[in-house]
Amino acid sequence: SVTRSSHANSKDKETILHCASCNASLGTFDDATQSYKLAKLSLSLSHDPGGARQAFPPELWLSCRLLNAAESQGLRKFTLLSSGPGDALLIWMFTPDLYISSSKAASIEPMRVAKILWKYAPSAMESQGSGLDSQSLSDGEMEMPSFELTAMQYCLEQSSLLLLEHARHLMGWNVGLLQRFVLEEIGTNRQD
């Protein structure tokens, strides 16, 4: 079962669904469609009702969401806005598909990642109505629940630890890595 909580700001109201047992954020309620939007980064799945459940780290879902937005909108730069109160992030998908190795990683195997340049942006309320400029014309916007934006920020901050000190910043941007799905690690029952 789930519980709902609301956070109101002057622009929007965000209703977050929480697990009644552990209080984890599971998704949001969308007033426009009168439906629940479940956050994949908060769920585990099973092929069978009684079978073993499989979950993936949040950064895999976050990178998937960014890659999907980049492909569908034809853009690599986004302003990530919280659907509730909170800050915004400027994201530039610098290299969408890269294999890296790091002595700081948990595994010695190369990791498939997306290299992301990011920085903090003014809050959504401050950035609206700021006029047209060359930056805003080439950037997309993506709204996400506040807990997903917080998870994105955390993953990007933590991923910088995989990089050498001098490689953590580039021309005023922070450098982060988001691990990507690798088909062999998913464990699907694909039939080709």
Side-chain angles (χ1 to χ4, degrees), residues 2-19 22-33 35-44 55-73 75-96 113-130 135-136 138-163 168-170 172-181:
V2 297
T3 59
R4 290 170 58 169
S5 65
S6 295
H7 303 286
N9 65 19
S10 58
K11 177 184 172 249
D12 291 316
K13 192 178 251 191
E14 178 182 51
T15 303
I16 299 176
L17 303 174
H18 296 277
C19 175
C22 68
N23 204 35
S25 298
L26 300 175
T28 58
F29 184 78
D30 183 21
D31 289 325
T33 61
S35 62
Y36 296 100
K37 291 184 175 182
L38 298 178
K40 293 178 182 172
L41 61 113
S42 302
L43 303 175
S44 59
F56 298 99
E59 72 179 298
L60 294 175
W61 293 113
L62 294 170
S63 67
C64 189
R65 186 162 181 188
L66 284 178
L67 291 162
N68 184 53
E71 185 175 319
S72 65
Q73 296 180 34
L75 300 170
R76 288 197 179 189
K77 292 172 92 175
F78 295 93
T79 301
L80 302 183
L81 304 169
S82 174
S83 55
D87 295 324
L89 294 176
L90 295 175
I91 298 287
W92 182 2
M93 191 172 309
F94 196 71
T95 309
V113 298
K115 184 177 183 179
I116 308 292
L117 302 183
W118 68 280
K119 57 185 168 182
Y120 298 103
S123 70
M125 294 305 290
E126 293 172 21
S127 64
Q128 288 183 350
S130 60
Q135 190 77 359
S136 64
S138 62
D139 292 359
E141 283 188 357
M142 188 181 339
E143 188 175 311
M144 56 180 45
S146 56
F147 66 89
E148 282 190 18
L149 187 62
T150 300
M152 177 76 75
Q153 180 180 335
Y154 177 80
C155 289
L156 290 168
E157 288 172 350
Q158 292 301 304
S159 70
S160 70
L161 300 175
L162 296 173
L163 301 169
R168 295 178 186 175
H169 301 282
L170 179 66
W173 291 80
N174 299 307
V175 179
L177 304 168
L178 290 178
Q179 197 166 352
R180 295 185 50 160
F181 277 107

Intermediate values then yes/no, side chain to side chain contact (heavy atoms under 4.5 Å, CB included), L117 and V175: CA-CA 5 Å; L117 302 183; V175 179; 3.6 Å; yes
Considering non-hydrogen atoms only, spot the tightest contact between [X] and [Y] and give its length.
X    : Y    : value
L90  : W173 : O-CZ3, 3.8 Å
M93  : L67  : SD-CD2, 3.4 Å
C155 : E59  : SG-CB, 3.7 Å
M142 : R65  : SD-NE, 3.8 Å
L156 : S159 : O-OG, 2.9 Å

Partners passing side-chain contact (heavy atoms from CB on, under 4.5 Å) against T150 (at least two apart in sequence or in another chain): none
If I take atom [atom1] from residue [X] and atom [atom2] from residue [Y], how far apart are they, to the nearest 0.5 angstrom?
X    : Y    : atom1 : atom2 : value
W118 : L178 : CH2   : CG    : 11.0 Å
F94  : I116 : CZ    : CD1   : 11.0 Å
S63  : M152 : OG    : CE    : 8.0 Å
E143 : T79  : CD    : OG1   : 12.5 Å
K119 : I91  : NZ    : CD1   : 11.5 Å
M144 : L66  : CE    : CG    : 6.0 Å

Contacts of Q158 that satisfy side-chain hydrogen bond (donor to acceptor under 3.5 Å, both in side chains) - sequence neighbours left out: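 Here no residue qualifies.
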Under 3.5 Å donor-acceptor, R168 side chain and L163 backbone: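 Confirmed, R168 side chain pairs with L163 backbone.
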Flag, side chain of R76 to backbone of P96, donor-acceptor distance under 3.5 Å: no
Worked check of side chain to side chain contact (heavy atoms under 4.5 Å, CB included) between Q153 and Y120: CA-CA 9 Å; Q153 180 180 335; Y120 298 103; 3.3 Å; yes
